[in-house]
Amino acid sequence: MNRKIYSCLLSVFTLCQFANAQFTDCSTGLMLCPSADMQKDGTFMITNNWLNKNCLPPGKPSGLGWGYDTFSYGFSITFLSRVEIEYIGTIFDGKKVPSKEADDYWKIMFNQDRHFSVKFLVLKEGKLRSWVPSLAIGICDPVTGAGTGDYIGSDVSYGNGYFNRFYVVATKHFSTSFGELGVHAGYQYSLRNDYKINAPCVGVNWKPVWLENRYFFPNFILEFDSRTCNFGFVSSIWDDRFEVMFLLQNMQWISAGLRFKVCLSK
């Protein structure tokens with residue numbers, strides 16, 4: 001068992017690719033990387049994030065897009081522990097778009113990007129064999145609302161689909177004497193023109209057993225992507241009614257989030 005754990009850790013530390021999800025996109029996962037973890041059936045979540053600009057797509061010539069820190073919020077619900085659906089809003093700061101015709105529409109909090117995402121659990125961990133990981137596929141911001149059929153690119157001033165992404169990811173958990181260890185690896189594809197994230201994504205999480213309690217139980221996360229090395233934690237609070245997220249992207253850029261959770265099913 002120890003040899004399997006060390007092999008998985010070595011894979012994570014030697015792979016280095018990009019992923020733009022999950023707590024930062026108001027859904028279940030790691031911080032920036034997706035996972036095949038799911039919530040319980042009937043779980044409803046409200047997530048609020050303060051995001052540094054490096055978590056967000058860049059701007060475009062018209063000024064829309066993010067070259068600044070901003071705020072996002074999202075609502076999600078899980079069905080049968082196999083399907084999770086999210087609605088996410090990310091605030092534009094209109095004051096960053098000076099214009100002679102500017103009105104209240106362009107003031108901060110008056111404009112935002114809205115998108116949906118969905119994740120399907122294809123295979124539950126250990127369902128076929130004890131060593132088989134869980135497997136999930138996800139779709140995020142699948143269509144552009146601009147009516148042009150084009151996704152935002154660095155050389156155009158139209159289109160949106162800022163968070164467009166399709167992914168497949170596998171997750172495997174290991175029980176050890178020092179706590180639960182999770183290993184996550186997947187592949188994603190994006191239709192965006194200004195940067196391509198068509199690459200593998202990987203991460204590890206660790207829940208130290210000696211810190212487990214009903215009031216504060218941290219889940220430490222380490223992720224690698226093609227640009228940055230990310231570290232942080234997502235901690236459950238008060239019997240998992242709340243979660244807090246702290247992300248140190250590239251070991252220097254801070255993002256943080258707060259989530260409320262309630263299970264609507266009995």
Quiz item: Aromatic ring centroids of W66 and F92 under 6.0 Å?
Solution: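 Ring centres of F92 and W66 closer than 6.0 Å.
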Are any side-chain N or O atoms of [X] and backbone N or O atoms of [Y], one a donor and one an acceptor, separated by less than 3.5 Å?
{"X": "N48", "Y": "Y73", "result": "no"}
{"X": "T28", "Y": "M38", "result": "no"}
{"X": "E125", "Y": "H173", "result": "yes"}
{"X": "E223", "Y": "M31", "result": "yes"}
{"X": "T78", "Y": "S81", "result": "no"}

Quiz prompt | Cluster companions of F217 among Ile, Leu, Val, Met, Phe, Trp, Tyr (side-chain spacing under 4.5 Å) | solution =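 Noted: F217 shares its cluster with no other residue.
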Quiz item: Taking it one step at a time, do L56 and Y162 satisfy side-chain contact (heavy atoms from CB on, under 4.5 Å)?
Solution: CA-CA 9 Å; L56 299 161; Y162 293 99; over 6 Å; no
Side chains of [X] and [Y]: closer than 4.5 Å at any heavy-atom pair?
{"X": "L121", "Y": "V83", "result": "no"}
{"X": "T171", "Y": "V183", "result": "no"}
{"X": "P34", "Y": "H184", "result": "no"}
{"X": "N49", "Y": "M245", "result": "yes"}
{"X": "L32", "Y": "L247", "result": "yes"}

Quiz prompt | Results of ring-ring contact (aromatic ring centres under 6.0 Å, His included) for Y87 - residues two or more places apart only | solution =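 For Y87 the ring-ring contact (aromatic ring centres under 6.0 Å, His included) partners, ignoring immediate neighbours, are F116.
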Quiz item: Looking only at heavy atoms, which two atoms of C140 and D25 are closest? And how far apart?
Solution: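 Closest heavy-atom pair between C140 and D25: SG-OD2, 3.2 Å.
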Quiz item: Distance only, no hydrogens: is a donor on one side chain within 3.5 Å (strictly under) of an acceptor on the other, for N164 and D141?
Solution: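 Distance-only check fails for N164 and D141.
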Quiz item: Do the ring planes of H115 and F163 sit parallel (below 30°), tilted (30 to 60°) or perpendicular (above 60°)?
Solution: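 Taking F163 first and then H115, their aromatic rings lie parallel (interplane angle under 30°).
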Practice problem: Could you tell me how the ring of F75 sits relative to the ring of F44: parallel (under 30°), tilted (30 to 60°) or perpendicular (over 60°)? | Solution: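 The rings of F75 and F44 lie parallel, inter-plane angle below 30°.
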Practice problem: Run the numbers on S72 and C26 for side-chain contact (heavy atoms from CB on, under 4.5 Å), then give the verdict. | Solution: CA-CA 8 Å; S72 72; C26 302; 4.3 Å; yes
Practice problem: Take N198 and Q188, measure what side chain to side chain donor-acceptor pair (under 3.5 Å) needs, and give me the verdict at the end. | Solution: CA-CA 5 Å; N198 307 334; Q188 62 180 356; over 6 Å; no
Quiz item: Going through the distances and angles, do E86 and S27 end up as a side chain to side chain donor-acceptor pair (under 3.5 Å)?
Solution: CA-CA 7 Å; E86 295 88 26; S27 55; 4.5 Å; no
Practice problem: Begin with the C-alpha distance, continue with both residues' side-chain angles, and end with the deciding distance and a verdict on side-chain contact (heavy atoms from CB on, under 4.5 Å) for W50 and D69. | Solution: CA-CA 8 Å; W50 174 257; D69 301 344; 3.4 Å; yes
Exercise. Step through the shown structure and confirm whether more than 12 heavy atoms of other residues, nucleotides or ligands are within 6.0 Å of CH2 on W210.
Key: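 Yes.
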Quiz item: Is R129 positioned over the aromatic face of W131, cation under 6.0 angstrom from the ring centre and no more than 45 degrees off axis?
Solution: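 No - R129 does not lie over the ring of W131 by the 6.0 Å and 45° rule.
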Quiz item: With a distance cut-off below 6.0 Å to the six-membered ring centre and an angular limit of 45° from the axis, does R259 pair with F23 as a cation-pi contact?
Solution: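 Yes, a cation-pi geometry.
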Exercise. For side-chain contact (heavy atoms from CB on, under 4.5 Å), just list the numbers for L128 and L123, CA-CA rounded to whole Å, side-chain angles, deciding distance to a tenth of an Å, and then say yes or no.
Key: CA-CA 9 Å; L128 299 179; L123 180 65; 4.0 Å; yes
Quiz item: Quick one: do K261 and E243 make a salt bridge, cutoff under 4.0 Å?
Solution: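 A salt bridge links K261 with E243.
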Quiz item: Are R214 and D239 close enough for a salt bridge, meaning some N to O gap below 4.0 Å?
Solution: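 Salt bridge between R214 and D239, a charged N being under 4.0 Å from a carboxylate O: yes.
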